[in-house]
4 protein chains.
Amino acid sequence: MKAIAFRGVGDVRVESIPDPRIVEPTDAVVRITTSAVCGSDLHQYHGRAVVEPGAIMGHEFMGIVEDVGRDVRAISRGDRVVAPFSISCGRCEWCLRRLPTQCSTTGRAVFGGRFGKQFPGGQAERIRVPFADHMCERIPADLGDERALFLGDILSTGYACAENGGIRPGDTVAVFGCGPVGLLALQSAHLFGPARVFAVDRVDYRLKLAEELGATPVDLDRGDPIEQLRAATAGRGPDVVLEAVGHEIPFAQAIQAVRAGGTVSSVGVYVEASIGFPAREAFFKDLTLKMGICNARNYIVPLMPLVRVGKLQPARIITHTLPLADAPRGYAIFDRKEDRAIKVLLKP
Amino acid sequence: MKAIAFRGVGDVRVESIPDPRIVEPTDAVVRITTSAVCGSDLHQYHGRAVVEPGAIMGHEFMGIVEDVGRDVRAISRGDRVVAPFSISCGRCEWCLRRLPTQCSTTGRAVFGGRFGKQFPGGQAERIRVPFADHMCERIPADLGDERALFLGDILSTGYACAENGGIRPGDTVAVFGCGPVGLLALQSAHLFGPARVFAVDRVDYRLKLAEELGATPVDLDRGDPIEQLRAATAGRGPDVVLEAVGHEIPFAQAIQAVRAGGTVSSVGVYVEASIGFPAREAFFKDLTLKMGICNARNYIVPLMPLVRVGKLQPARIITHTLPLADAPRGYAIFDRKEDRAIKVLLKP
Amino acid sequence: MKAIAFRGVGDVRVESIPDPRIVEPTDAVVRITTSAVCGSDLHQYHGRAVVEPGAIMGHEFMGIVEDVGRDVRAISRGDRVVAPFSISCGRCEWCLRRLPTQCSTTGRAVFGGRFGKQFPGGQAERIRVPFADHMCERIPADLGDERALFLGDILSTGYACAENGGIRPGDTVAVFGCGPVGLLALQSAHLFGPARVFAVDRVDYRLKLAEELGATPVDLDRGDPIEQLRAATAGRGPDVVLEAVGHEIPFAQAIQAVRAGGTVSSVGVYVEASIGFPAREAFFKDLTLKMGICNARNYIVPLMPLVRVGKLQPARIITHTLPLADAPRGYAIFDRKEDRAIKVLLKP
Amino acid sequence: MKAIAFRGVGDVRVESIPDPRIVEPTDAVVRITTSAVCGSDLHQYHGRAVVEPGAIMGHEFMGIVEDVGRDVRAISRGDRVVAPFSISCGRCEWCLRRLPTQCSTTGRAVFGGRFGKQFPGGQAERIRVPFADHMCERIPADLGDERALFLGDILSTGYACAENGGIRPGDTVAVFGCGPVGLLALQSAHLFGPARVFAVDRVDYRLKLAEELGATPVDLDRGDPIEQLRAATAGRGPDVVLEAVGHEIPFAQAIQAVRAGGTVSSVGVYVEASIGFPAREAFFKDLTLKMGICNARNYIVPLMPLVRVGKLQPARIITHTLPLADAPRGYAIFDRKEDRAIKVLLKP
């Protein structure tokens, strides 16, 4: 089959590899109907996260079950399913604590090999999904791929970011970063009844979409975002800041911007061993900071009804849908924010 | 001045009484610009709640500060203010626990004398407001009386009902009762991101407004509401039921309708010493029940921004605005649901 | 094997029945080392809960795994295990919501057949445990049967009662009922840092044990418990009341006793379709009521370390350990509170 | 009167200054019966926090009301009171949000001038307490100074640290730092029912007291505390880490030590603009971090019953009680950990 392999910094290629097959009795093989390029794929693409040459990329995918191992009970051939980006057994201590992304059975593996054990990814025609009973969630027919796909990663991640923010009705929220995760965090923030949502970025077309999604844009090119947010909140700062960039500067800005007693929920991917932390500011303002990789498995079921009724509209961030064979171009467009790119899908 | 006095069951009258004046140094006198007839006024009107003949009715009001006692610091003459329906000192053990409606200093008094100590009400041209620094909240000029008035009672009450329900994004919610409080509970429920909201009543024009406010109507005249709700939720029942009627039958129905592990938040006014409680059902389904009179003072400030941005639209329930002198007719219209009445305002 | 069969009101008998065996590939057969008579067994014993003649009684048991079905992975022959009183699959919608006692796969079955589907109980020499991977929890060797057994029911139930009370450090707590569950709720309450705990009962030896466990006794024979609790709390009432009786009178008393804004957590078993509910009191005092059958499976793992370090001492309530063959006498002693009985164990 | 003045790094002196008197009608003057030297006083003593020469030190004090302004209602001459370390009005937006230490009226002032506006401190014979109705809490006669004093700062701070940790019954907790705040955080942690508490320090006599208070000591001189904690928790790490040191190294260690999905509650005083933050670790383990200066006013009333019944024993950390005139020696002993010093009281 065709799959997208990592071959070096800035170099992903379409390659032919053997089809995956059932290895464990709890496996499924899924024929992929749609996958996506994720911001965290770029960490590998840029060489900031280690991945072996030849590794098959991608951890956002969905498709049709083609084969199941003999112990699989919950799903069958022909089922249309989505799976979370991280691989979990559903049985270990961490899974039972509802922290599946910390699964000790799989060593915190993710599809496409970003951290933990290497595992072939979903930018391919087919994929082997371990622990399929636990991992695969059936998708109802009325939910097209474009609306269901992101349940497995960035919609759950964006939602978790908003939920961790502890937003209460009437709050003022600021979202740092209008990439795919930031925009879905923004959509999710609206589920908690904020009076106002600000969206911080410098890319005009992303700020424009944020505005269409109900946020007031804060353009980094117009000055210090902390000052802009204070000016808009009578000097107080937002009650909650959702940080969806993953760099040291917006991380510190988020902490400086939030009001005393407020919460920063950070969902950016951090690969640095140490970054600067504004300790005095955090101390004197009574900070709550939540950060971390999403336990996406937990969110797929609860978020599905919100997508179905249209209260979450994940498809609005899709700007490009390319054939799988064009994945190298998809990476480049997404990486360079060319052609007003926000989210790039790949169709095998 | 003119004021509305209780004179017997079904009998309220416009009477002339002396103007209120400052008694304690912490008092304010407020010239009323708008007041309202509340569902709980009807308990007195019907003789279900004891009130002395001659008592001045009304606990929903707002207006302009006309005079303040010498110890009042936070408000001044000319300020436009709203106050909560219950009178609290802001200093006692209960107020410090954020349960101002339990205030021990005032003996749980309410304006218009529904329970606790008798105190002249707000269906009048002027009113004396004790503990004015604590009780009066200034209203910004851009917030008209129709949007601000209900902060002091039914909007806070409806919101608290929704908040106590512990609604989570994606939940299914049912509101029992589409009177003024039920409709504001319904509006408030939407702040918590439910996937679906059902509204239960039998009055067609109220169900229609509920539908306009984003709910699916459940008409009591079309059959058992429990069955209708089950049919709409794959047999499971709503996650949260907001009970805004205040009678034994919907109270029991709410408990029977909610899904196992769910929450019933009841905000109806109960004057009966004992009503039936479906104990076996509650036991086997793991019920959380929240009920009680609202601590409205707590909600005025947090809800104001939501009214300002239009996420709460309390004025949509207003159907009648009458001169104060027409209050007896206002009571009758509201009581009998004549002329598609939902909420009746009185203008001195 | 020998087992205890229900034969009519007040009539349980030792009978010989066939040994259980593996039926489903997910089953285990456990050789019972200790079981217990539970207060809810008495509902059947008294005929208040329907159970078929010949049903094998008992839902508190532990023992050694003797056989496992071919799909069982997590436990093996020879493992020493405890299981929760209710039978759950671990996979259905309700189990995934962490409400295993509502399991739709088993129809809310419990061992010994109190509600849901009939299923042979644990007052026997052996028992078949369905969904053994999910149901059976291994017990470390340092935890004797007397300390581990109650994890499967009454310790989890008592703990859940305390947890649902939302006790905060410094609170005053009252426990209504000093039977086995009440005494374990009392022990559990101490985990949440209350300043004072009161224990309400009329049985002298139970009040004495409550006192040894850190409670101030409130003797029902010395007057109205509501008045006694008010007198001890400056007229305010306890912050939290744990109701562990399961009758209409203490249920209403609990609601009347708790302070305004407080919580009643009720864990008594209610088999009545309707009981009286003090609605006016509940309304005017802002009540939170939690009630329901325990999701014991959730608590076995988290409570185990507390038993191991001795912060929970469930064995202190054991007053009688009888041979299984003496179960009829054990029921009688327990039922009539003879011989200072609190908790009766049965040893096959 | 005599008071302790800052005169330079490492230099505090007993000086004679005018007695304080009522300035505002809401003031009280308190004759101090006991004050204390706090760890955060050492920031000034070491010159790490700016304070003007001549400033009167100290923010932990209690005493007898000697005079009150004409608007003071809640306290009277002769009342024995304690006050929180930070000065708040009780009325501003921040106070109403229950964040009194952020009070905008006082500009976040503290007694003894550590941050915000300079204000004379409590290491003196008398002190002026602004907003006395709000600030002063009466202490019952059965609560000696040694047990009541720390309610105003370090007991509330230690308790808040534990509460912010979100400890649940059965959790494993580690406290970093066995100074006065760490030891009170440790005592407070026990109110939340942990199965085990570890205490990390290198000072033998402090570790010994931690052990007497129910903790397992972890001696920094015996190796990496992260490794020691992992070894004691089956490789997992504590569920909650309470960080009571206030330096970059233990801050990072706390984050590295805590289990995935766990909480670090930091209560150390940070005066550095930026410190290192282990971002990758925090990201991959799903961290909750709470940090900040305590809103001590909120805790005085709720903690008082716990001190009265002996569930909190703050006096156990007191090692030295000196005359006020010996304050310079008290600072030196405390600073250098001489004579097994933990907490030093000063008696005017």
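Since we're looking at a predicted model, the values are computed, not measured.
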query = How about C/Arg168: does its CZ atom have over 12 heavy atoms from other parts shown lying under 6.0 Å from it?
reply = no

request  = Kindly check if the number of other-residue, nucleotide or ligand heavy atoms within 6.0 Å of CZ (D/Arg222) is above 12?
outcome  = no

query = What distance do D/Asp171 atom CG and C/Leu191 atom CG have between them, rounded to the nearest 0.5 Å?
reply = 11.5 Å

task = Check whether C/Arg308 gets within reach of chain D through its side chain, its backbone, both or neither, counting any heavy atom under 4.5 Å.
result =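 Answer is neither: C/Arg308 stays 4.5 Å or more from chain D.
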
Part of C/Pro169 within contact of chain D (heavy atom distance under 4.5 Å) =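 The answer is both parts of C/Pro169.
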
ask   = Considering all heavy atoms of both residues, which atom of C/Pro305 and which atom of D/Gly170 are nearest to each other, and what is their separation?
value =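 Scanning both residues completely, I find the closest heavy atoms to be CG-O, 4.0 Å.
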
request  = May I ask you to name which of D/Leu306, D/Val309, D/Leu312 has the most heavy-atom pairs under 4.5 Å with chain C?
outcome  = D/Leu306

ask   = Side chain of D/Lys311, backbone of C/Pro194: donor and acceptor closer than 3.5 Å?
value = yes

